[in-house]
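Note sheet for the following structure.
Counting from 1, the numbers follow the sequence of the chain as shown. Just so we're clear, the structure is a prediction, and the values are computed from it rather than from any experiment.
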Amino acid sequence: MFVAIGNTPRDYAWGSTTAIAEFRGTAAPGGPEAELWLGAHPGSPARVLDEASVGHADLAAWIAAAPEQALGAELAAHGARLPFLLKLLAAAAPLSLQAHPTPEQARAGFAREEADGVPITAYDRNYRDEFHKPEIVVAVSDTFDALSGFRPLEEVRGVLEVLRAADAAAPESDPGALDLLESRLSGVHALRDTVEWLLRDGRGGDTGEASWVIDRVTALAASATALASPFARSFETVGALAEAYPGDPGVVISLLLNRVRLVRGEGLYLAAGNIHAYLGGLGVELMAASDNVLRGGLTPKHIDVTELIDVLDFTPMPPPRLAPVEVSPGVTVFRPGVTDFVLYRVERAAEAVGSAQVALDGPAIVLVEGDRVSIGGGTGASASLSRGESAYITPDEHVLEITGDGIAWIATTGSAATVAV
């Protein structure tokens, strides 16, 4: 069964005024469009465009009323819940630094806050559901910029060396702030201790030392020495973040993180505990359907430092890129190794070599980029989708046959294993 779906983009202030409209082929709205949600998450469930087809106005209501039809028997037996959420995300300004919990942390945190009587919509609520939230993002724009994961410690030391050189070249050298930062970064738990100190002392702490460090690093990052170094892009990011969030600890924390630039078609996988922030660009984002976010700066929203530190993975790592696997001509899959979701990208534009077949073991959502795409299912059902249109596909279709000159982004559960031409 194919069900046409749609939604209204969410108008968060960091959103682009043009990118989502251009993707969908609609008129620019005159204000920001940040995220288009395609799923059954209660925060913004996708609308069913032909309500008569399923008897309900949105996906969440239909799944609740007919879980076996909408999800299949296996998923229906495990909570009657669509486990993934597909988004189109357009960032014109930096998002907050954030991380997401493991399944165990999410269950324990949710139970604790429920027992404490914290309202589910409370400003200081950390866990709004019991689920983890791993996610992937794939660049749709020519470039997509992000911070993701703690960079290797040798790179952190290289950043400090550049800041030292910039300070020495300054008309009024003042290395005290850098001495203080370096002392924090020299301990056994260097990254953990530094982040916690910046967040606690830099957000109204008693000593004022972290604020001194933030201000000095911000000034040095704008120097000719810093901007001519191998870490120029990281220092440029410091300037952009300081302009948007002056004095925020996240400005300095950004230098401890991998500065990542994706080009169109490249992806990142953000596992539990990965601290990250999207900086700019248009991307397709696919995640487990959860609203559990622990923030760590670059935001006016609630920051629970203790809970964030417990959730963060401080293990240094290279940028967590997720390489697509080409499974047949024009068909690639981003498979992060979780059961919640995988993402297929089907592009037949130039080849004209017939159709692609994508096997499904669960429900799917398809979003079309560019020209028209036709999709047929195993029951004989079909849909023809134009630029920016989307559909929900029930798992009884089993195999999708895709033709057309557009690009089909297909989100489904993580158990499907085969794709063939």
Q: With the side chain counted from C-beta on, respond yes when Asp361 and Glu74 share a heavy-atom pair under 4.5 Å apart, and no when they do not.
A: no
Q.
Under the side-chain contact (heavy atoms from CB on, under 4.5 Å) test against Leu343, which residue among Thr332, Val138, Ile410 passes?
A. Val138
Q) Tell me, do Leu255 and Phe235 make a side-chain contact under 4.5 Å, heavy atoms counted? A) yes
Q | Positive for side chain to side chain donor-acceptor pair (under 3.5 Å) with His132, one of Asp340, Thr102, Asn292 | A | Asp340
Q. Can you tell me how far OG1 of Thr207 sits from CZ of Arg200, rounded to the nearest 0.5 angstrom?
A. 13.0 Å
Q | Leu82 side chain reached by Ile365 side chain, heavy atoms, under 4.5 Å | A | yes
Q. What is the distance from atom CD1 of Ile20 to atom CG of Leu88, rounded to the nearest 0.5 Å?
A. 5.0 Å
**Q.** Member of Leu257, Leu191, Val156 meeting the side-chain contact (heavy atoms from CB on, under 4.5 Å) criterion with Arg151
**A.** Val156
**Q.** Other residues, nucleotides, ligands: >12 heavy atoms within 6.0 Å of Asp142 CG
**A.** no
Q: To the nearest 0.5 Å, tell me how far Ser390 OG sits from Leu86 CG.
A: 8.5 Å
Q.
Would you say Arg259 and Ser254 are linked by a side-chain donor-acceptor pair, where the criterion is simply a distance under 3.5 Å?
A. no
Q.
I'd like to know if the side chain of Asp201 reaches the main chain of Glu209, judged simply by a donor and an acceptor atom lying under 3.5 Å from each other, with no hydrogens or angles considered.
A. yes
Q.
Tell me every residue that passes ring pair (Phe, Tyr, Trp, His ring centres under 6.0 Å) with His302, counting only those two or more places apart in sequence or in another chain.
A. Tyr123
Q) Are Ser148 and Asn258 close enough that a side-chain donor and a side-chain acceptor fall under 3.5 Å? A) no
Q. Donor-acceptor pair, Tyr392 side chain versus Ala70 backbone, under 3.5 Å?
A. yes
**Q.** side-chain contact (heavy atoms from CB on, under 4.5 Å) between Val325 and Arg335, intermediate numbers included
**A.** CA-CA 8 Å; Val325 176; Arg335 194 181 293 277; over 6 Å; no
Q. What is the minimum heavy-atom distance between Leu308 and Ala99, and which atoms define it?
A. CD1-CB, 4.4 Å
(Q) To the nearest 0.5 Å, what is the distance between CD1 on Ile253 and CD1 on Ile214? (A) 8.0 Å
Q.
If the test is side-chain contact (heavy atoms from CB on, under 4.5 Å), which one of Asp116, Asp291, Asp304, Val118 qualifies with Arg125?
A. Val118
Q) Do Phe110 and Ile120 touch side chain to side chain, with heavy atoms closer than 4.5 Å? A) yes
Q | Parallel, tilted or perpendicular, as decided by the 30° and 60° cut-offs, for the rings of His41 and Trp37 | A | perpendicular
Kindly list each side-chain donor-acceptor pair under 3.5 angstrom involving residues 275-282, sequence neighbours excluded, with atom names and distances?
| residue | atom | partner | partner atom | Å |
| --- | --- | --- | --- | --- |
| His276 | ND1 | Gln98 | O | 3.3 |
| His276 | ND1 | Asn274 | O | 2.9 |
| His276 | NE2 | Glu135 | OE2 | 3.4 |
| Tyr278 | OH | Glu135 | OE2 | 3.1 |
| Tyr278 | OH | Glu285 | OE2 | 3.3 |

Q.
Using 0.5 Å steps for rounding, measure from the CD atom of Glu35 to the CG atom of Asp11.
A. 11.0 Å
Q. Does the distance from a Lys or Arg side-chain N to an Asp or Glu carboxylate O, for Arg112 and Glu307, drop under 4.0 Å?
A. yes
Q: Please examine the side chains of Tyr344 and Ile402, heavy atoms only from C-beta on, and report whether any two atoms are closer than 4.5 Å.
A: no
**Q.** Glu326 CD: over 12 foreign heavy atoms closer than 6.0 Å
**A.** yes
Q) From Leu294 CG over to Gln105 CD, what is the distance, rounded to the nearest 0.5 angstrom? A) 8.0 Å
Q | Side chain proximity check, Asn126 to Glu113, heavy atoms < 4.5 angstrom | A | yes
